[in-house]
Amino acid sequence: GQFTYLCGVAVTANGAYVYVADSWNHRVQYFTSVGYFLGKWGRRGFGNGQFTYLCGVAVTGNGAYVYVADTENYRIQYFKDVTAVAPASLGRVKALFK
């Protein structure tokens with residue numbers, strides 16, 4: 001739940017989950033609507049699930065997909081069913097999104 005250069009926030013249509021683009025930490029963090037930390041994913045890099053100064057996050061209306069603007073890698077990455085992931089290691093999170 002700590003940020004360095006926060007640069008994007010997205011909320012599911014029902015307001016249940018909040019996703020935050022934590023740019024200088026190269027990760028996305030997500031929370032319940034009341035601010036309870038649920039998890040995070042990402043680290044600096046060029047591979048899938050890795051970011052370099054991400055700067056934007058969006059979520060579909062039903063919360064099934066999260067889209068991340070991976071600015072310095074010049075791409076948009078998307079992730080499915082992120083809220084199904086309990087706080088876990090980066091390796092575990094990456095394995096879920098292959």
Side-chain angles (χ1 to χ4, degrees):
Q2 296 182 350
F3 308 103
T4 305
Y5 198 73
L6 176 78
C7 92
V9 175
V11 181
T12 56
N14 65 3
Y17 301 102
V18 178
Y19 298 88
V20 180
D22 187 6
S23 184
W24 288 5
N25 286 320
H26 314 283
R27 65 186 178 193
V28 175
Q29 297 189 57
Y30 59 104
F31 304 83
T32 65
S33 61
V34 295
Y36 178 75
F37 177 77
L38 293 173
K40 61 186 175 184
W41 77 92
R43 64 183 172 114
R44 188 173 187 161
F46 309 103
N48 293 332
Q50 298 176 338
F51 310 105
T52 303
Y53 300 110
L54 63 152
C55 196
V57 63
V59 62
T60 57
N62 63 3
Y65 292 92
V66 176
Y67 295 85
V68 180
D70 188 8
T71 308
E72 292 293 314
N73 285 325
Y74 307 101
R75 65 186 178 180
I76 303 292
Q77 294 191 65
Y78 69 95
F79 304 89
K80 184 176 180 182
D81 297 323
V82 174
T83 54
V85 180
S89 70
L90 178 60
R92 172 74 177 122
V93 173
K94 285 171 50 177
L96 291 170
F97 296 109
K98 285 190 174 186

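Below, each value reflects all heavy atoms present in this structure, side chains not excepted, and no hydrogens, waters or symmetry copies. Along the sequence shown, residues are numbered consecutively beginning with 1. Because the structure is predicted, anything quoted here is derived from the model rather than measured.
- No side-chain heavy atom of Arg27 sits under 4.5 Å from any side-chain heavy atom of Trp41.
- Of all heavy-atom pairs spanning Gly56 and Ala21, the tightest one is N-CB, 3.9 Å.
- Following chains of ILVMFWY side-chain contacts shorter than 4.5 Å, one can reach Tyr36 starting from Val59, so the two form part of one hydrophobic cluster.
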Chi angles and distances behind the side chain to side chain contact (heavy atoms under 4.5 Å, CB included) call for Tyr65, Phe79: CA-CA 5 Å; Tyr65 292 92; Phe79 304 89; over 6 Å; no
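- Judged as a ring pair (Phe, Tyr, Trp, His ring centres under 6.0 Å), and not counting sequence neighbours, Phe46 has no contacts.
- Taking 4.5 Å as the limit, some side-chain heavy atom of Val9 sits within range of a side-chain heavy atom of Val18.
- In plain terms, the two heavy atoms of Phe31 and Leu38 that are nearest each other are C-CD1, 3.9 Å.
- Rounding to the nearest 0.5 Å places CG of Leu54 at 11.5 Å from CZ of Arg44.
- Between Ala10 and Ala58, the shortest heavy-atom contact is CB-CA, 3.8 Å.
- Gly61 approaches Ala13 most closely through the heavy-atom pair O-CB, 3.0 Å.
- At distances below 3.5 Å, not a single donor-acceptor pair connects side-chain atoms of Asn14 with backbone N or O atoms of Asn62.
- Annotation: side chain to side chain donor-acceptor pair (under 3.5 Å) contacts of Ser33 (sequence neighbours excluded): none.
- Here the CZ atom belonging to Phe51 is positioned 10.5 Å from the OG1 atom belonging to Thr71, to the nearest 0.5 angstrom.
- Checked by atom type and distance alone, the side chain of Gln77 never pairs as donor or acceptor with a backbone atom of Asn48 at under 3.5 Å.
- In this structure, the side chains of Gln50 and Arg43 come closer than 4.5 Å at one or more pairs of heavy atoms.
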